[in-house]
Structures are given as C-alpha cells and as structure tokens.
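What follows is a single structure, written as structure tokens, with notes after it.
In what follows, chains carry the letters A, B, and so on, assigned in the order in which the sequence lines appear, proteins first and then strands, with residues in each chain numbered from 1.
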Protein chains: 2
Amino acid sequence: MNIGQAAKASGISEKMIRYYESIGLIAPVRRTASGYRIFSEQDVHALRFISRARDLGFSVEQMGNLLALWQDRHRASADVKAVAQAHIEELDDKIEKLQGMRRTLEHLVKHCHGDERPECPILGDLAAESLELEAGTP
Amino acid sequence: MNIGQAAKASGISEKMIRYYESIGLIAPVRRTASGYRIFSEQDVHALRFISRARDLGFSVEQMGNLLALWQDRHRASADVKAVAQAHIEELDDKIEKLQGMRRTLEHLVKHCHGDERPECPILGDLAAESLELEAGTP
DNA sequence: CTTGACCTTACAATAATGGGAAGGTTTATG
DNA sequence: CATAAACCTTCCCATTATTGTAAGGTCAAG
C-alpha cells in the first residue's frame, strides 16, 4: 500500500501521515528501492487508531500516549482511563468557556434592535459605555 | 501613555498591541522623537474594545469589522447584530462538536474498569476491535 | 555617569493542517 | 517503446493568535 491508498484507508491525509512520521508519532514505515513509503495493514491500523483519537479531539501528544498504551500488552486500563478523563476535563473547560461567551453574546443580541439605527447595545458593551450588561452580577 | 501602561490599562499585552498594529487592526499611534509609541485615551479605549471582543471569542477579522462599525456613526445596528449572530453560530458549531466528543468519551470511560488489567474499551474503540460502541446506531 | 527599567525591531516557535514547487517514478495508452 | 497521466518524494511557506528571545536604543533615578 502506498501513501495515497493508506490515506484513503485511514482517513488521514498524505500530508498528515508524513507529518506524523516526521514528529515521531508513528514510526517510519518501509520504503521501496525508489523511496516510496509502503504501508502494511498494521501501519494502516495504527493510522485508523490515530484518526479516531483525533476525531475525539485528542492532541498529538495525547495520541502518542494512547498509542504507547495501545501497544503495551501490560498496560493498566486505569492509565488509559486517566488519559481519557483528563481529556474530558479539557473538553469541559473549552465547552464552558464557549458557553460563557455564547450566553453573553446571546444576551446582547437579544437587546439589539437590529434595524437601520446606529444605537446598539452590542457595541455599547464592547465599548463599555453602558451599564455593565450581564458581566457577573447575577 | 507608553505601551506598557496601555497594555496594563487595556488588558492586552505589549506584544499583541504591536501585532494588532502590524496587521492593521489598529492604526499606528503617535511616536516620540525617539520612536516610543504614545497612546491617547482614545487609543486605549479602542484597545479595551478589542479586549472585550476577544473575550467573547471574536476573531481578529471579526474584530476589524466590529471596530469599523463602532467608528461609523451611520452604522445600522442590524449590521452589528449580524456579525454577532454569525459568531454565535460559530460558537454553537464548536460547542456541539466538543459535546459530541465529550459524549462519546464519557460513554467509553464509563465502561472502562480503570484497574490494573489491560482490557480497555477505550482502546478497543479507538482500534475499532470491538462492537462499535456508541457510534451512530441509537 | 552608570544602572535598571523601559522601549524598539526582527526573528523563531507553538499546534495542526493545507498549499505548492521542483523533481523522480510508476502505470497506462497510443 | 515513447510519452503522458497519475503517482510519489522533499522542502518551503501560510495559516491563527500568542509568547519568547535577542540585540540594541532610551529614559529616570541614584
């Protein structure tokens, strides 16, 4: 299997496969005499593993940890669980941050007439001209 | 006011102030004979505007639009509202994506024993060895 | 007049990805 | 067999927003 086929089979672009190799996330694969990469089923399996981990939002570093655990027959599932839980917390942080932004913005949008006139509480809030809408006094 | 004071007053780092100037988000401010930047109250006001917009997750490009609207006396609030609403949709997309990841991960974590044994549904799912946990057959 | 705290520019790095150029290789077709 | 299309290779650049660092100029206080 050459890199194009491996890319299709794994859902990771050729570019990213080369990148993952260059940073050591995956080991260099075999090459033909002329330098073309040859991917075994095993190699593609690892790429699919990465693809799924990536879909779950794991960073390259976390994927490295997961791959190492995956390939370690004597791993403890507790270690895997710890990585996953840490990632859940990261996700929660991001989600909460975005939701906070969303709430504030939603509030401002609700109070904006959205017509031809220039008066606008959204700009008012950004310029802090007006009476602190929302901002933390519940 | 020099850049250090403007940074403290606005909550934007010196670095980022220079950067925002370099990319044209803010106009170049006055300089002393020796080249030090001098920030007026107006300049700092604009920086605070940017700081708040940034806290709401607006991109540099969006902040540029908002600044332009802010400084346009004849703006229509509808235009501001449109920018804000577009951003809310972006936030919603991001939130939904993260929540999807979180749900899947939570599900996997729940089924992982988290002990000394190597068996782990989290790795199993990433390797797609097992019976498609979660993945779209409700 | 020196020291330390400031300022200046310029360049590099981060994380993950895409784009393209310049050139070698394999495959299909005439 | 020759040639063209479709691959592959490496290398460099761009992205977004931000921080770090280095080398050097300036200012205020002692």
With sugar-phosphate meaning primed atoms plus P, OP1 and OP2, does Thr32(A) contact a base, only sugar-phosphate, or nothing at under 4.0 Å between heavy atoms?
nothing
If you restrict it to nitrogen or oxygen atoms, what contacts under 3.5 Å exist between nucleotides 10-12 of chain D and the protein, and what is each distance?
| residue | atom | partner | partner atom | Å |
| --- | --- | --- | --- | --- |
| dT10(D) | OP1 | Arg31(A) | NH1 | 3.3 |
| dT10(D) | OP1 | Arg31(A) | NH2 | 3.0 |
| dT10(D) | OP2 | Arg37(A) | NH1 | 3.2 |
| dT10(D) | OP2 | Arg37(A) | NH2 | 3.0 |

Assign each of Val60(B) and Phe39(A) to its nearest nucleotide of DNA chain D by heavy atoms, then name whichever residue's nucleotide is nearer the 5' end.
Phe39(A)
For Ser13(B), give me all partners under side-chain hydrogen bond (donor to acceptor under 3.5 Å, both in side chains), at least two apart in sequence or on another chain.
none
Please list, chain by chain and in numerical order, all residues satisfying side-chain contact (heavy atoms from CB on, under 4.5 Å) with Glu119(A), sequence neighbours excluded.
Arg117(A)
Working for salt bridge (Lys or Arg N to Asp or Glu O under 4.0 Å), residues Asp92(A) and Arg102(B):
CA-CA 8 Å; Asp92(A) 283 343; Arg102(B) 196 208 183 285; 2.4 Å; yes
Would you tell me if any nitrogen or oxygen in the side chain of Ser13(B) comes within less than 4.0 Å of OP1 or OP2 on dT18(D)?
no
Could you name each residue pair satisfying ring pair (Phe, Tyr, Trp, His ring centres under 6.0 Å) that touches residues 28-47 of chain A, not counting sequence neighbours?
His45(A)-Trp70(A)
Below 4.5 Å, heavy atoms only, C-beta onward: do Ile38(A) and Met1(A) meet side chain to side chain?
no
Side-chain donor/acceptor pairs under 3.5 Å, residues 78-85 of chain A, sequence neighbours excluded:
| residue | atom | partner | partner atom | Å |
| --- | --- | --- | --- | --- |
| Lys81(A) | NZ | Cys112(B) | O | 2.7 |

So if I take the C1' atoms of five pairs at each end of the helix from dC1(C)-dG30(D) to dG30(C)-dC1(D) and get each local axis, what angle do the two axes make, rounded to 10 degrees?
30°
Go through it in stages, so that I can follow the logic: the residues are Arg75(A) and Leu123(B), the test is side chain to side chain contact (heavy atoms under 4.5 Å, CB included), and I'd like the CA-CA distance, side-chain angles, deciding distance and then a yes or no.
CA-CA 11 Å; Arg75(A) 71 194 167 233; Leu123(B) 291 179; 3.4 Å; yes
Quick one: how far along DNA chain C does chain A reach, first to last nucleotide 5' to 3', anything under 4.0 Å to a heavy atom?
dA16(C) to dT26(C)
Test of understanding: with side-chain hydrogen bond (donor to acceptor under 3.5 Å, both in side chains), list the residues that count as partners of Ser34(B), not counting sequence neighbours.
Thr32(B)
Whole-Å distance, Tyr19(A) OH to dC13(D) P, equals 17 Å
Got a second to check how far Leu56(A)'s CG is from Asp125(B)'s CG, nearest 0.5 Å?
7.0 Å
State, with a plain yes or no, whether a side-chain heavy atom of Met101(A) is found less than 4.5 Å away from one of Asp55(B).
no
Give me the distances for all protein-to-nucleotides 28-30 of chain D N/O pairs that come in under 3.5 Å?
none

Polar atom pairs between nucleotides 4-7 of chain D and protein, under 3.5 Å, N or O only, would you list them?
| residue | atom | partner | partner atom | Å |
| --- | --- | --- | --- | --- |
| dC7(D) | O2 | Tyr36(A) | OH | 3.2 |

Closer than 4.0 Å, any side-chain N/O of Ser34(A) to the OP1 or OP2 of dC8(D)?
no
Just call it for Tyr20(A): base, sugar-phosphate, or nothing, with non-hydrogen atoms closer than 4.0 Å on any strand.
sugar-phosphate
Test item: Ile26(A) and Ile17(A) side chains (from C-beta on) under 4.5 Å apart, heavy atoms:
yes
Validation: residues 61-68 of chain A side-chain donor-acceptor distances under 3.5 Å, sequence neighbours left out:
| residue | atom | partner | partner atom | Å |
| --- | --- | --- | --- | --- |
| Gln62(A) | OE1 | Ser59(A) | N | 2.9 |
| Gln62(A) | OE1 | Ser59(A) | OG | 3.4 |
| Gln62(A) | NE2 | Glu90(A) | OE2 | 3.2 |

May I ask you to test the Val29(A)-Ser40(A) pair for a side-chain heavy-atom distance under 4.5 Å?
no
According to side-chain contact (heavy atoms from CB on, under 4.5 Å), who are the partners of Arg31(A), at least two apart in sequence or on a separate chain?
Glu21(A), Arg37(A)
In whole angstroms, how far is the P atom of dA17(D) from the CZ atom of Arg54(B)?
10 Å
When you measure from the side chain of Ser10(A) to the backbone of Ala6(A), do you find a donor-acceptor pair of N or O atoms at a distance under 3.5 Å?
yes
Is there side-chain contact between Arg54(A) and Tyr20(A), with at least one heavy-atom pair below 4.5 Å?
yes
